Amino acid sequence: MNYWLMKSEPNEFSIDDLERKTTEPWDGVRNYQARNMMRDQMQLDDQIFFYHSNCDVPGIVGRMTVVKTAYPDPTAFDPNDAHYDPKSDPEKPRWYLVDVGFVEKFSRTISLAELKQHSALSDMSLVKKGNRLSVMPVTPTQWQFILNLLSS
DNA sequence: GCCAACGTTGGC
DNA sequence: GCCAACGTTGGC
């Protein structure tokens with residue numbers, strides 16, 4: 001079992017959207033590092049923090065799981081889709097995604113500002129300057145530490 | 001294979 | 001809206 005954090009802009013897709021829909025294909029990722037983690041490492045039932053980026057209070061807002069392991073991202077083949085990539089050949093797909101399932105929305109947002117205050121989390125690339133990865137691994141220790149912040 | 005130019009991300 | 005950081009592209 002692995003732990004992850006995935007970012008989404010709430011304008012585009014929020015934790016509330018996921019709660020309403022229950023599951024969702026995490027499409028549109030066009031970054032090789034992020035793709036590799038989804039395609040090569042994510043397993044069924046892996047745990048994922050849902051992170052809201054590019055909004056008033058960026059931070060972790062809830063929890064989800066992998067409900068379907070990697071398969072080719074269909075939006076890459078759709079010329080009408082905002083994430084269309086003509087270089088992704090259906091015979092040899094360039095982009096992959098996983099399906100995620102809603103677990104819970106946290107009682108509060110664990111903001112980026114709060115996460116940055118804890119030295120226990122200083123190794124997370126999330127809190128490092130210039131980080132732009134939209135999918136990143138979380139260690140079991142970090143995972144538990146962050147969950148504990150909810151009850152403090 | 002280098003690297004400048006460009007586009008995107010995302011906090012502030 | 002600004003801009004720093006970073007990834008990607010493409011000329012050479």
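Heavy-atom basis, side chains included; hydrogens, waters and symmetry copies ignored. Labels below follow one simple rule: chain letters A, B, ... track the order of the sequence lines, proteins then strands, and each chain is numbered from 1. Just so we're clear, the structure is a prediction, and the values are computed from it rather than from any experiment.
For the pair A/Asn31 CG and C/dT8 C1', the interatomic distance rounds to 10 Å; values are reported in whole Å. Here the P atom of nucleotide C/dT8 and the CG atom of A/Asp85 are 12 Å apart, to the nearest Å. Between the P atom of B/dC12 and the CG atom of A/Leu112 lies a distance of 6 Å, rounded to the nearest Å. The distance from atom NE2 of A/His83 to atom P of B/dG7 is 18 Å, rounded to the nearest whole Å. Here the P atom of nucleotide B/dG11 and the CD atom of A/Glu9 are 9 Å apart, to the nearest Å. Atom pair A/Glu12:CD and B/dG10:C1' shows a separation of 13 Å (rounding to whole Å applied). One interatomic measurement links the two molecules: CZ of A/Arg94 to C1' of C/dT9, which rounds to 11 Å at whole-angstrom precision. Nucleotide C/dC3 holds its P atom 17 Å from the CG atom of A/Asn54, rounded to whole Å.
Of the candidates B/dG10, C/dG10, C/dT8, the closest approach to any side-chain atom of A/Tyr32 belongs to C/dT8.
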Could you go through the ring-ring contact (aromatic ring centres under 6.0 Å, His included) check for A/Phe50 and A/Trp4 one step at a time?
-> CA-CA 9 Å; A/Phe50 194 131; A/Trp4 306 96; over 10 Å; no
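A cation-pi arrangement is absent between A/Lys105 and A/Phe102, since the terminal nitrogen or guanidinium carbon is not both under 6.0 Å from the aromatic centre and inside a 45° cone about the axis.
Using a 4.0 Å cut-off between charged nitrogen and carboxylate oxygen, A/Asp40 and A/Arg35 do not count as a salt-bridge pair. The pair A/Lys7-A/Glu12 fails the salt-bridge criterion, with no side-chain N (NZ, NE, NH1 or NH2) lying under 4.0 Å from an Asp/Glu carboxylate O. Between A/Lys92 and A/Asp89 there is no salt bridge, since no side-chain nitrogen of the basic residue lies less than 4.0 Å from a carboxylate oxygen of the acidic one.
No hydrogens or angles considered: a donor-acceptor pair under 3.5 Å links the side chains of A/Tyr71 and A/Asp99.
OP1 or OP2 of B/dG11 lies within a sub-4.0 Å distance of a side-chain N or O belonging to A/Tyr51.
Residues from residues 116-130 of chain A lying near DNA chain C, meaning a heavy-atom separation below 4.0 Å, are A/Lys129, A/Gly130 in numerical order.
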